[in-house]
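Since we're looking at a predicted model, the values are computed, not measured. Lettering follows sequence order; numbering is per chain, from 1.
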2 protein chains.
Amino acid sequence: MRIITNNSANGLGAETLRRRGFRLTGPRRLILEMVQGTDRHPTADWVHRQVRRRLSRVSLGTVYRNLRLLVEEGMIKELPGIAGPQAGAARFDGNTTIHHHFTCSECGGIRDLSEAVDRSLDRRMAARTGLRISHHRIEFYGRCPACQARQGRRRRSRKRR
Amino acid sequence: MRIITNNSANGLGAETLRRRGFRLTGPRRLILEMVQGTDRHPTADWVHRQVRRRLSRVSLGTVYRNLRLLVEEGMIKELPGIAGPQAGAARFDGNTTIHHHFTCSECGGIRDLSEAVDRSLDRRMAARTGLRISHHRIEFYGRCPACQARQGRRRRSRKRR
DNA sequence: CTATTGTTAGTAATGATTCTCATTACGAAC
DNA sequence: GTTCGTAATGAGAATCATTACTAACAATAG
Ligand SMILES: [Mn+2]
Ligand SMILES: [Mn+2]
Ligand SMILES: [Zn+2]
Ligand SMILES: [Zn+2]
């Protein structure tokens, strides 16, 4: 067979790739694994650094190219810009289920919130406005525990993303 | 007096400027007016084009500088990245009240939603997660009436922002 | 008047992302 | 296994949005 044998965990992944005739190449598999294997909603740059630890020759262009491809295939998602420090860089999410986020307005860290999504909100809003709504996402903001710990001082300390 | 005489409508504006010792200069006033005078959540580039119709020599740098300043002063807000086409450019909002948005996933247009904001959601979420939440914003997605009109065909037609 | 501070236009510099192109890896068919 | 068409990649140029820097000017304080 010409595609992957393992990776059966994320069934959709391999299946989608096969259907579209894509190969799960070395770089591509690593990129997918990195995004799926973390909950930090990484930037392309972070993924690149991680991938290079295993395949040192992978280029940043390949990382972008494949991230976009994987998003298109629905295997990962892209998080529309986040407020706060470190804005301006795309972030990716291996968790493709619908869920909301908490963003620390100080360090820019993003956490998944497991609370259920209220589909009825879409219906109600649609009814009131006449708009056709496909979905919604809620972004919560505040300071994360870590940032609350190191009180006031040392604010503005941008942390690597 | 050394500041503005009119512009009393958006009281906070003039007041804030005076307090901080800022002047409401020509370029600055126009930039503020442009953002406050539209509901299209414009990009810096759009504001620049508008301002130039009145003061043709205003530079893009000045627009950015003042947009950031006005955001810092709380006179306008910046919308953290929006999904869909035309992502990647900051958007500004003259409506400083807390409100939610509807974004057309096809043309990228953004509409204000006047529905009330549920502050209790913050409290409930905070209680459940232990996070300290300052606020939240909800982004609804779908296709706007206009995009629904010109059906299927002519999709992917990026429109100027 | 003179020093200080606020503002600006113009332009160079950045950071993130996309594009281009020559090269390589694969898989299917001889 | 050699050949051939296509997918995928690395390297670097190009593009876009944004910021930084600079020199000149204007308003204000003393
Ligand atoms: Mn997530
Ligand atoms: Mn708005
Ligand atoms: Zn934090
Ligand atoms: Zn639309």
Which protein N or O atoms sit under 3.5 Å from an N or O of nucleotides 2-7 of chain D?
from, atom 1, to, atom 2, distance (Å)
D:dA7, O4', A:Arg23, NH2, 3.2

Exercise for review: Please state how far atom CG in B:Leu30 lies from atom P in C:dT7, giving the value in whole angstrom units.
Suggested key: 15 Å
Review point. Quick one: B:His48 NE2 to D:dC16 P, roughly how many Å, whole number?
Key: 16 Å
Revision key, fill the gap. Between A:Gly94 and A:Val35, the two heavy atoms sitting closest are N-CG1, 3.6 Å
Study note, to complete from the structure: To the nearest angstrom, the CZ-P distance between A:Arg68 and D:dA8 comes to 18 Å
Review point. Which residues in residues 55-66 of chain A have at least one heavy atom lying under 4.0 Å from any atom of DNA chain D?
Key: A:Arg57, A:Val58, A:Ser59, A:Thr62, A:Arg65, A:Asn66
Point to revise | For B:Asp118, the option from B:Arg124, B:Arg123, B:His136 that meets side chain to side chain donor-acceptor pair (under 3.5 Å) | key: B:Arg124
Point to revise | Value in whole Å for how far the C1' atom of C:dT7 lies from CG of B:Leu67 | key: 15 Å
Revision key, fill the gap. Rounded to whole Å, CZ of A:Arg91 lies from C1' of C:dT17 at a distance of 16 Å
Review point. Excluding sequence neighbours, so at least two apart, what forms side chain to side chain contact (heavy atoms under 4.5 Å, CB included) with B:Thr129?
Key: A:Leu113, A:Glu115, B:Met125, B:Leu131
Review point. Within a reach of under 6.0 Å around CZ of A:Arg54, are more than 12 heavy atoms found that belong to other residues, nucleotides or ligands?
Key: no
Check your understanding: Within less than 4.0 Å of OP1 or OP2 of C:dA25, is there a side-chain N or O belonging to A:Thr25?
Key -> no
Revision key, fill the gap. Residues at least two apart in sequence or cross-chain that pass ring-ring contact (aromatic ring centres under 6.0 Å, His included) with B:His48, listed by chain then number, are none
Practice item. Name all residues meeting the side chain to side chain contact (heavy atoms under 4.5 Å, CB included) criterion together with B:Asp112; count only those two or more places apart in sequence or in a different chain, and write none if there are none. Key: B:His41, B:Asp93, B:Asn95, B:His99, B:His101
Revision key, fill the gap. All heavy atoms of A:Cys104 vs all of A:Cys107, minimum pair found to be SG-N, 3.4 Å
Check your understanding: Who are the side chain to side chain contact (heavy atoms under 4.5 Å, CB included) partners of A:Ser134, not counting sequence neighbours?
Key -> B:Tyr141
Practice item. Would you kindly give the CG-to-P distance between A:Leu69 and D:dA8, to the nearest whole Å? Key: 8 Å
